[in-house]
Amino acid sequence: MNVSRNGWKIITIALLVYVVIAGLLNDVPRLPILNETIRNLYFHVPMWFGQIIIFTFAIVNGLLYLSKRDLKYDIRAQSATTVGMLYGCLGLMTGMLWGKFTWGTFWSSDPKLNCTAIGMLIYLAYFVLRNSFSDIDKRAQYASIYSIFCFVMFNVLIFVIPRMREFSIHPGNGGNPGFATYDLDAKMRMVFYPAVLGWSLLAIWIYTLLARYRFLKHQ
């Protein structure tokens with residue numbers, strides 16, 4: 001292994017090992033309702049950070065394809081979107097599990113949850129659109145154009161609309177303060193920030209592997 005070239009992968013593994021061990025064993029604030037479930041903060045929230053980062057990779061590669069008409073950018077955009085959807089599913093599942101223990105239900109009619117589900121469906125349509133074209137160039141062109149709509153709408157749905165509502169049970173929305181405001185103490189920050197970095201790097205790692213596989217398959 002070329003250590004200088006793969007150093008970031010070693011860092012990714014080290015970060016995630018640290019996050020899993022420290023996240024499960026370190027002391028956490030004993031808060032009403034949340035109790036031990038607050039440890040999910042090291043997994044649920046970083047998944048969404050990773051998703052936004054990898055969706056940014058997708059939109060950038062989509063724009064590069066529209067500019068240069070090189071299929072390698074379409075392959076990268078498709079791969080990044082796939083990983084973004086994977087992270088979105090993991091984010092939803094960890095959130096539903098958290099909701100069951102804190103809200104008493106896997107899903108509520110909260111605007112944050114509903115908007116996230118709509119955003120995921122919009123991105124799911126990206127793959128439906130791709131499969132509706134047999135011509136490779138048209139597929140790449142229309143998918144790249146649609147991905148712009150996906151990226152804009154997804155960010156509006158999860159960052160803008162939930163904050164416009166007067167009330168939300170989801171932290172950080174509708175007048176409900178986020179974790180950083182009232183209970184993300186110094187000990188938790190020592191695990192949370194590495195978790196965001198580690199899960200984001202893992203998303204990039206999976207993306208590079210998937211893009212490489214699809215490129216070789218295309219050739």
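What you see is a predicted model; the values in this text were computed from it and never measured.
- Of all heavy-atom pairs between Met85 and Tyr123, the closest is SD-CB, 3.5 Å.
- In this structure, Trp199 contributes its side chain and Tyr42 its backbone to a donor-acceptor pair below 3.5 Å.
- Of the candidates Arg130, Arg139, Arg214, Arg130 is the only one forming a salt bridge (Lys or Arg N to Asp or Glu O under 4.0 Å) with Asp74.
- Take Tyr207 and apply the ring-ring contact (aromatic ring centres under 6.0 Å, His included) test, not counting sequence neighbours, and it matches Phe57.
- Aromatic ring pairs are classed by plane angle as parallel below 30°, tilted from 30° to 60° and perpendicular above 60°; the pair Phe133 and Tyr142 is parallel.
- Note: Thr81 OG1 to Arg76 CZ = 14.0 Å, rounded to the nearest 0.5 Å.
- Rounding to the nearest 0.5 Å gives a distance of 8.5 Å between CE of Met188 and CZ of Arg39.
- At least one side-chain heavy atom of Leu41 sits under 4.5 Å from a side-chain heavy atom of Trp98.
- When all heavy atoms of Ala211 and Ser79 are compared, the pair lying nearest together is CA-OG, 3.3 Å.
- Under the 4.5 Å side-chain heavy-atom criterion for ILVMFWY residues, no single connected hydrophobic cluster contains both Phe215 and Leu209.
- For Lys9, the side-chain hydrogen bond (donor to acceptor under 3.5 Å, both in side chains) partners are Asn6, not counting sequence neighbours.
- A distance of 11.0 Å separates CG of Leu121 from OG1 of Thr116, quoted to the nearest 0.5 Å.
- Separation of atoms CZ (Phe49) and CD1 (Ile54) is listed at 15.0 Å; rounding is to 0.5 Å.
- Residues passing the ring-ring contact (aromatic ring centres under 6.0 Å, His included) test with Tyr213: none are found, sequence neighbours excluded.
- A chain of hydrophobic side-chain contacts below 4.5 Å, direct or via other Ile, Leu, Val, Met, Phe, Trp or Tyr residues, connects Met47 to Ile204.
- Side-chain contact between Gln51 and Met120 is present, with at least one heavy-atom pair separated by less than 4.5 Å.
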Exercise for the section: Kindly indicate, with the supporting measurements, whether the criterion side-chain contact (heavy atoms from CB on, under 4.5 Å) is fulfilled by Asn40 and Phe43. Expected result: CA-CA 5 Å; Asn40 200 14; Phe43 305 95; 3.8 Å; yes
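- Of the candidates Leu90, Ile158, Ile53, Leu92, Trp48 forms a side-chain contact (heavy atoms from CB on, under 4.5 Å) with just one, namely Leu92.
- Taking each heavy atom of Tyr126 and Ala143 in turn, the nearest pair found is CE1-O, 3.4 Å.
- Residues forming a ring-ring contact (aromatic ring centres under 6.0 Å, His included) with Tyr18 (at least two apart in sequence, or on another chain): none.
- Shown here is Phe127, whose CZ atom has more than 12 heavy atoms of other residues, nucleotides or ligands within 6.0 Å.
- The two residues Tyr87 and Ala203 make their nearest non-hydrogen contact at OH-N, 3.2 Å.
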For residues 145-155, run the donor-acceptor check on the side chains, cut-off 3.5 Å, and write out each pair with its distance to 0.1 Å, sequence neighbours left out.
{"residue": "Tyr146", "atom": "OH", "partner": "Ile122", "partner atom": "O", "Å": "2.8"}
{"residue": "Ser147", "atom": "OG", "partner": "Ser144", "partner atom": "O", "Å": "2.6"}
{"residue": "Asn155", "atom": "ND2", "partner": "Phe151", "partner atom": "O", "Å": "2.7"}

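- Met96 and Ile118 fall within a single hydrophobic cluster, where Ile, Leu, Val, Met, Phe, Trp and Tyr side chains are chained together by heavy-atom contacts under 4.5 Å.
- Heavy-atom minimum distance, Gly62 versus Ala77: N-CB, 3.9 Å.
- Ile136 and Leu216 sit in two unconnected hydrophobic clusters of ILVMFWY residues. Membership requires side-chain heavy atoms under 4.5 Å apart, directly or through other members.
- Under a hydrophobic-cluster definition in which Ile, Leu, Val, Met, Phe, Trp and Tyr are linked whenever side-chain heavy atoms come within less than 4.5 Å, directly or via other members, Leu97 and Met93 are assigned to different clusters.
- Annotation: the span from Lys100 atom NZ to Thr37 atom OG1 amounts to 13.5 Å, rounded to 0.5 Å.
- Note that the OG atom of Ser108 and the CZ atom of Phe106 stand 13.0 Å from one another [nearest 0.5 Å].
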Under 3.5 Å, which donor-acceptor pairs do the side chains of residues 66-73 form with other protein atoms, sequence neighbours left out?
{"residue": "Asp70", "atom": "OD1", "partner": "Lys72", "partner atom": "N", "Å": "3.1"}

